[in-house]
Amino acid sequence: ECSEKTKSIKKQDLEEEFLKSLRAVQPSQKVINLAKAVIEDVYNQRRLETGKTVQRIERDIVAIDTEIGSLVNQVARTVKREVIDIYENKIVDLTKKKEEARLKKRRAEQGPVSVGTAFDVILEYLKNPEYLWVNGNLDDKRRVLKLVFADRFIYDRESSVGTPKLSLLYELFEQFQDRKYQGVEM
């Protein structure tokens with residue numbers, strides 16, 4: 001059984017130690033700039049892929065229209081009712097396929113969410129988690145906890161704060177900050 005089970009820890013002591021941990025994980029501006037550049041690059045790649053997808057869908061729609069036109073011509077020249085029914089069913093299927101393609105095209109044209117707005121929100125949490133912890137609402141505090149730490153915050157009365165397990169994102173930031181990048185502009 002735990003010997004500290006019935007003892008309490010002063011809220012102020014716990015909060016001070018927690019804030020020290022948050023201050024310790026603030027990434028440098030160079031790392032923030034690098035993260036922003038990587039995200040913008042990924043976003044631009046997605047936009048290029050979206051443009052290619054739209055072009056491919058447009059080609060598919062033209063091919064479907066051509067096939068429908070060919071089937072309509074065949075229906076006009078055919079006399080057997082069974083064959084006409086087969087052609088008409090194929091035209092109906094192709095028309096559905098064309099509408100699905102148009103829907104995909106509209107979705108693709110909407111494109112991904114603006115990288116600027118989405119990243120700016122995340123950037124505020126990344127730059128200064130301590131500020132958001134002190135000045136934010138309960139939702140902001142929850143986001144800070146999830147964004148910064150991979151596990152629960154550990155406090156030991158004897159040794160103060162244990163080394164908190166950082167989220168993958170902050171571990172990555174620390175690796176970039178710890179390394180010496182000579183000749184690499186960030």
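What you see is a predicted model, and the numbers here were worked out from it, not measured in a lab.
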Short question: side chain of D140, backbone of N137 - any donor-acceptor pair under 3.5 Å?
yes
Do the side chain of T50 and the main chain of R46 share a donor and acceptor less than 3.5 angstrom apart?
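Yes, because the side chain of T50 sits within donor-acceptor range (under 3.5 Å) of the backbone of R46.
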Contact check, side chains of [X] and [Y], non-hydrogen atoms, under 4.5 Å:
X	Y	result
L103	E100	no
L22	P129	yes
K90	I86	no
L94	K98	no

Give a yes or no on whether a salt bridge exists between K10 and E17, defined as a side-chain N under 4.0 angstrom from a carboxylate O.
no
Does the pair E16/K20 count as a salt bridge with the N-to-O cut at 4.0 Å?
no
Inter-residue atom distance [X].[atom1] - [Y].[atom2], 0.5 Å rounding:
X	Y	atom1	atom2	value
I32	Q26	CD1	CD	9.5 Å
F18	R23	CZ	CZ	11.0 Å
L145	D151	CG	CG	11.5 Å
Y87	T78	OH	OG1	5.0 Å
I91	E67	CD1	CD	10.0 Å
R106	Q110	CZ	CD	9.0 Å

Under 4.5 Å between side-chain heavy atoms, hopping through other hydrophobics if needed: is there a path connecting V92 to L71?
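V92 does not cluster with L71.
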In terms of hydrophobic clusters joined by side-chain contacts under 4.5 Å, are V25 and L34 together?
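V25 and L34: one cluster.
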Do you know the tightest heavy-atom contact between I57 and A101?
CG2-O, 3.2 Å
What are the two closest non-hydrogen atoms of L166 and E171, and how far apart are they?
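Of all heavy-atom pairs spanning L166 and E171, the closest is O-OE2, 3.1 Å.
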Take D41 and Q45, measure what side-chain hydrogen bond (donor to acceptor under 3.5 Å, both in side chains) needs, and give me the verdict at the end.
CA-CA 6 Å; D41 188 46; Q45 285 296 101; over 6 Å; no
Does a donor on one side chain sit under 3.5 Å from an acceptor on the other, for N44 and E40?
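Per modelled atom types, N44 and E40 side chains form no pair under 3.5 Å.
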Counting only heavy atoms from other residues, nucleotides and ligands, does the tally under 6.0 Å from CD of Q12 exceed 12?
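It does not: Q12 CD has 12 such atoms or fewer within range.
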Side chain to side chain contact (heavy atoms under 4.5 Å, CB included), that's the test. Do K146 and R143 meet it? Break it down for me.
CA-CA 5 Å; K146 288 180 180 180; R143 284 185 197 103; 5.9 Å; no
Only one of K96, K97, E99 passes side chain to side chain contact (heavy atoms under 4.5 Å, CB included) with I64; say which it is.
K97
